[in-house]
Amino acid sequence: MDWPPLPREFYARDPIAVARELLGKILMRESADGLASGRIVEAEAYLSSRDPACHANRGRNRKNATMFGPAGHAYVYMIHARWCLNAVTEDVGCASAVLIRALEPLAGIPLMQGRRGLEELRDLARGPARLCQALAVTKALDGHDFTLGRDLWIATDPSANGSPRRIHRSRRIGVTSAHSRLLRFFLADNAFVSGKRSARRR
DNA sequence: CTACCGATTGACT
DNA sequence: GTCAATCGGTAGA
């Protein structure tokens, strides 16, 4: 079974559409340690200059430069001493992105358990920094091209067979500005979605 | 060089 | 529900 990467066109669109459609896709990570993967169950859209919470809102700098580049690349940044992973969306210069917030672990679970230092499946990748630790995603992968289909990429789940999924939307977690905007998307009733119980409901 | 920040997490009541 | 540790990046002196 192979896992072809989503094409550039998937990412080169409105980040809200990309965030919604990333739900149910498989995030793949291949490193020297082996393969690990998980189903994306939660994502948030960040809308560039039209979104005060977006890192690119105040213009380009060294840290956010990847967001200003082409869609389909990884934007990795650090918050509270932890790494978080985004997919760059829209056109070059737009600087919008989708934050991948939680995974349901699929392959390489012992590898993820080792990296996280715990066993509990539900805690391995429930949260943006936890999933980066579980998949060994660091600044070294900032700017990485997801469409290459190696190291780090996103694929369609062949077992998903297009079955409709219930998607809920809510306020984004943790942001201090534009708090009221409903730009967080997650699979309803999925145990691997982050946040308190109240944040797992619409 | 120091000071400050944060799209978080984990431990706690 | 609350709260503080976390530390690399960045800005500014």
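These numbers come from a predicted model, not from an experiment. Here is how names work: the chains are called A, B, and so on, in the same order as the sequence lines, proteins then strands, and each is numbered from 1.
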Base-pairing string, 5' to 3', of DNA chain B - Watson-Crick or wobble, under 3.5 Å, | interstrand: ||||||.|||||.

Check the pair K25(A) / D157(A) against salt bridge (Lys or Arg N to Asp or Glu O under 4.0 Å), numbers first and verdict last. CA-CA 6 Å; K25(A) 299 290 192 292; D157(A) 181 357; over 6 Å; no

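Along DNA chain B, read 5' to 3', the first and last nucleotides having any atom under 4.0 Å from a heavy atom of chain A are dG6(B) to dG10(B).
When only modelled atom types and interatomic distance are considered, Q133(A) and R116(A) share a side-chain donor-acceptor pair under 3.5 Å. No side-chain N or O of S49(A) forms a donor-acceptor pair with one of N57(A) less than 3.5 Å apart.
Nucleic acid contact for A129(A): sugar-phosphate only, since backbone atoms but no base atoms lie under 4.0 Å from a heavy atom of the residue. No contact: R171(A) has no heavy atom under 4.0 Å from any strand.
With hydrogens and angles disregarded, no donor-acceptor distance shorter than 3.5 Å links the side chain of R101(A) to the backbone of E42(A).
Of all non-hydrogen atoms in S37(A) and L135(A), the two that sit nearest each other are N-CD2, 4.5 Å. For the pair L152(A) and A74(A), the tightest heavy-atom approach, listed with the atom from each and the gap, is CD2-CB, 4.5 Å.
The separation between Q133(A) atom CD and dC7(C) atom C1' is 14 Å, rounded to whole Å. Between H55(A) atom NE2 and dG9(C) atom C1' there is a gap of 11 Å when expressed in whole angstrom units.
The hydrophobic clustering, which links ILVMFWY residues whose side-chain heavy atoms are closer than 4.5 Å, places L124(A) and L187(A) together.
Classification of the Y11(A)-F146(A) ring pair by plane angle, with boundaries at 30° and 60°, yields parallel.
Of the inter-residue distances, the one linking I154(A) atom CD1 with T156(A) atom OG1 reads 10.0 Å to the nearest 0.5 angstrom.
Near DNA chain C, defined here as any heavy-atom distance below 4.0 Å, the residues from residues 65-83 of chain A are M78(A), H80(A), A81(A), listed numerically.
Judged by the 6.0 Å distance and 45° axis criteria, R13(A) is positioned over the aromatic ring of F10(A).
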